[in-house]
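Just below is one structure, and these are the notes that go with it.
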Amino acid sequence: MEYNFSEIEKKWQKAWEENGVYTVSNESDKPHYYVLDMFPYPSGAGLHVGHPLGYIASDIYSRYKRLKGFNVLHPMGFDSYGLPAEQYAIQTGQHPEKTTFANIDRYIEQLKKIGFCYDWNRQVRTCDPAFYKWTQWAFRLMFNSYYDTAKQKARPIEELVRKFEENDPNWAKMSEKERQEKLMQYRIAYLSDTKVNWCPKLGTVLANDEVSEGLSVRGGYPVEQRVMRQWSLRVSAYAGRLLEGLDRIDWTESLKETQRNWIGRSEGAEMQFNIKGQDAPFTIFTTRADTVFGVTFMVLAPESEYVARVVTDEKRAEVEEYLNRCKHRTERERIADRRVTGVFTGSYAINPLTQAEIPIYISDYVLAGYGTGAIMAVPAHDSRDYAFAKHFNLPIVPLIEGADVSESSFDAKEGKMINSGFLNGLEVKEAIAKMKEYITNTGIGRVKVNYRLRDAIFSRQRYWGEPFPIYYKDGMPYAVPEECLPIELPEVSDFKPTEDGQPPLGHAEMWAWDTANNKIVSKKEIDNKTVFPLELCTMPGFAGSSAYYLRYMDNKNDNALVGKAANEYWRQVNLYIGGTEHATGHLIYSRFWNKFLYDMGYVCEDEPFKKLINQGMIQGRSNFVYRYTGEGATGNLYVSYNLIDNEEYKGKVQPIHVNVNIVKNDVLDIQAFRNWMPEFKDAQFVYSDGTTDEDNPYIGTPAEKQYICGWAIEKMSKSMFNVINPDDVVAQYGADTLRLYEMFLGPLEMSKPWDTNGIDGVHRFLRKLWNMYEEPSDGEATAEELRSLHKLIKKVTWDIENFSFNTSIPAFMIALNELSALRCNKRAVLEKVAIVLAPYAPHIAEAMWHRCGHTTFVVDAEWPAWEEKYLEDNSVKYPVQVNGKMRFTFECPKDTPKEEVEKLVLAHEDTAKYLAGNTPKKIIVVPGRIVNIVM
RNA sequence: GCCGCAGUGGUGGAAUCGGUAGACACGAAGGACUUAAAAUCCUUUGGCCAGUGAUGGCUGUGCGGGUUCAAGUCCCGCCUGCGGUACCA
């Protein structure tokens, strides 16, 4: 019988679903294992072949663990709040919920076709009120908590209130508003005026990880700095723990390194500098305490609070002009334009060691958000200070012996100190330690650890996100009671900001909180006595994705994010698979969120993801046509790729993306191209042989004429017309072929272009394998058959446990070749092959399993153990003579004693032949493996 | 600039602990079957050299050194590509 993949796949997908084969229970005697994929954002474009790569890998691992006897939690859900749906809503007027749900349906349909073993009963959607209830709940909890720096953990805000009541004499005298303001400085979710990344085009604020090189990650629009009153999460309080936790989790070194850099721990010192003529000093942060003797000026960030104190009257106008200029520069301009700018404040600081008077400047190369927003400048040993000093003609004093600072600064932390008083002669590292000791003892400063990690800005001026469970009374925020959650996203008449610049929720009519009745009422009823306005911002994308893995454990629970029993059973994600693009976003926020819940006693593990594997991206292979733009161009002449470097066309063509589905082996389907879009209807071509349509008096295109397209490897995206839809691959080859092929493409972590060359080979393999199951026979397997089988089991087991899925496929192919050479159709062998194939190609494996006479599902089978005895072969192999030495390879157990190996070697017939009666000079034995005999 | 990762045939890639480099697949070439095509099957396939041939020799994992009986793998110095990050004091 033919390998009818579509029939097989439909049949078994239906059977699995009807029998609830993949439904997972929280109660089991089996050991638990939790395999998680990063849930997708359901975009309008649907899945492309790149998305399932990680899902296939996690599915293989899940199925393997199940066969190994584990109770495996393997869920899927949707990160369904976000900007694209909202942008689409603004353009079309369609409610984002409608498009989002349609997209989710499409995603589910596509995912189901690939045969994943998800327990769909556990599906979560971040835009579902039953889900975001718990996002709001967590936010509310953060609002009502503070970070106790002594205990190094989050605690309820009541504890802080009690402390103030007991220890702070002012507390009793404060008004309610003053108390709230004071508490706000401690809350883990807090409101403050912050300098934010404002994206005018998107009309919203963005978090640091949502901005790259001054442009928004989504959309690529310019971002500028603006001070706004915003919600933030005190992620920075967890910086030390987020860093330390990395040592306890099994992630790739590169990803951990990325997080370490993002957290950016730096050990240094804070030092106080007096201002000439003033009493109060100001504080700077430095990692180079050893260089104080070379400080020749000071620099403040333009936003620094010290600025107001140090500007002299005669410099005021100049300074203000400079501050103004800084304010109006966008982040992108600031990054692009690295020219030295700055202004003298008119004041001088006193160097605490040399007592020298040094000028205080303002410059935007000093950042307000890091350290204290003020630095001591040591031009000889810091390249930025150096550039500044050169520009303003400030003195440069070298502090390290032999350092040449005539052309550039000497930034390395090595060498012997000079010009440095009591530090002279010390190595830099010693000098840093000694200076730290000195400043601590004299009280000039203290040792300080700084982190680069900032608090996460949590407000978005958008519609399609979780509403805050917050109302405002007397200008101060209050949380709605826990039992009133969720606060559901209201309907609005318009998804754009309001005319007076309020976020879209400003359009919502039913958007006020009645504290007397604890319910949402109309805005018209706001009286600021019992009815108050609700927060108009919504939460950012990472809010919903920060704890979704906990919800899967217990997604039907109405009383808790995750029940205690469920959480204590599953504990944490054992294996998480997803892309590296979340390294500094989701994967930081989730860890923070989880640690917070851990502190508050709601979860039992402080790290959410025990092991994490990054899958690479599957890139697209784009094709191009080249529009002629030279002299006399009509705009519809296209030059074949092989000609574009010719004199005639060089520099006169413009590459245009062309749909890869109308290009085969880089040859354009001319008719399909003309039909593709109206603008190409009358396209004319210069063919690969240099002739044009005018040279060819045919109607249409002669068959032998070819138009060759150029190509490039790019991101797979709709706009590049290089998207390959998995549905098409499934229809043509089947899900099992797609699964095997995606794994066969190369190592999981590597990025690679999608390339259909080779998919036929994988498909052929399945077809041949299928034929072997025509009529399985009884009877005992021969030694050779068992050797093949056990080699396969050993290999596949090793591969899956080491996430080396790509190397299993050749193992299957080799086993097939060997077994078909032996004409093996023994049930005893074939049924085991079906089991080890099941994780990779579950549909065909299920069918094969049933052909072997089984009536259960293959997922209930037991993973076969390989047995060494079938593989053992102690004979000497591959004798090779190299430079008078003989080399042997043994396949025998590692722990074979040295003498045993020597005996085996000398007894071997090949050895005897080579030795020809002579005694060897030396026998080198690496136990159990290799032998060299020197004659 | 800094950090991380990679570089192996025409192509994707394998070599898992330092032990026959190029598994497996694609592509290509030749052949069988066929009226023909498709499908299928068989043979060859890193390079160079010798041989009618089985086969043998040399060379070969980005470049230059080193360690080792033995290096794609380990060490040192470069080159190239990819990814992340950037006035973080």
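Quick note on labels: first sequence line is chain A, next is B, and so on, each numbered from 1. Just so we're clear, the structure is a prediction, and the values are computed from it rather than from any experiment.
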Per atom distances to the A:Asp364 side chain, the nearest of B:rC87, B:rU40, B:rA89 is B:rC87
Paired with B:rG46: which nucleotide, if any, by Watson-Crick or G-U wobble criteria at under 3.5 Å for both distances?
B:rU59
With both distances under 3.5 Å as the test, what is the Watson-Crick or G-U wobble partner of B:rU67?
none
Watson-Crick or G-U wobble mate for B:rC26, both contacts under 3.5 Å
B:rG10
Per A:Ile814 side chain, nearest of listed nucleotides B:rA23, B:rG4, B:rC26:
B:rA23
Which listed nucleotide (B:rG13, B:rA25, B:rA89) is nearest to the side chain of A:Phe744?
B:rA25
Could you work out which one of B:rG13, B:rA23, B:rA89 sits closest to the side chain of A:Pro747?
B:rG13
Closest to side chain of A:Phe285, choosing from B:rG13, B:rA89, B:rC3:
B:rA89
Name the pairing partner of B:rA21, where a pair is Watson-Crick or G-U wobble with both distances under 3.5 Å, or state none.
none
So what does A:Lys794 touch, heavy atoms closer than 4.0 Å: a base, only the sugar-phosphate, or nothing?
nothing
Which nucleotide in the list B:rC41, B:rA89, B:rC24 gets nearest to the side chain of A:Val366?
B:rA89
Any strand, both distances under 3.5 Å, Watson-Crick or G-U wobble: B:rU52 pairs with none
Answer for the Watson-Crick or wobble partner of B:rC82, both distances under 3.5 Å, is B:rG4
May I ask which nucleotide in the shown strands pairs with B:rU73, Watson-Crick or G-U wobble, both distances under 3.5 Å?
none
Between B:rA25, B:rC3, B:rA23, which nucleotide gets closest to the side-chain atoms of A:Glu257?
B:rC3
Ring centroid separation for A:Phe5 and A:Tyr733, is it under 6.0 angstrom?
no
Distance check, P atoms only: B:rC82 and B:rA25, in whole angstrom units.
32 Å
Please tell me which of the listed nucleotides, B:rU40, B:rA89, B:rC41, lies nearest to the side chain of A:Leu367?
B:rA89
Aromatic rings A:Phe410 and A:His381: how do their planes relate, parallel, tilted or perpendicular, breaks at 30° and 60°?
perpendicular
Verify ring pair (Phe, Tyr, Trp, His ring centres under 6.0 Å) between A:Tyr741 and A:His763, making sure each step is shown before the conclusion.
CA-CA 8 Å; A:Tyr741 185 59; A:His763 190 65; over 10 Å; no
Return the nucleotide paired to B:rC41: Watson-Crick means purine N1 to pyrimidine N3 with N6-O4 or O6-N4, wobble means G-U with N1-O2 and O6-N3, both under 3.5 Å.
B:rG31
Of the nucleotides B:rC41, B:rC24, B:rU40, which has the atom closest to the A:Met813 side chain?
B:rC24
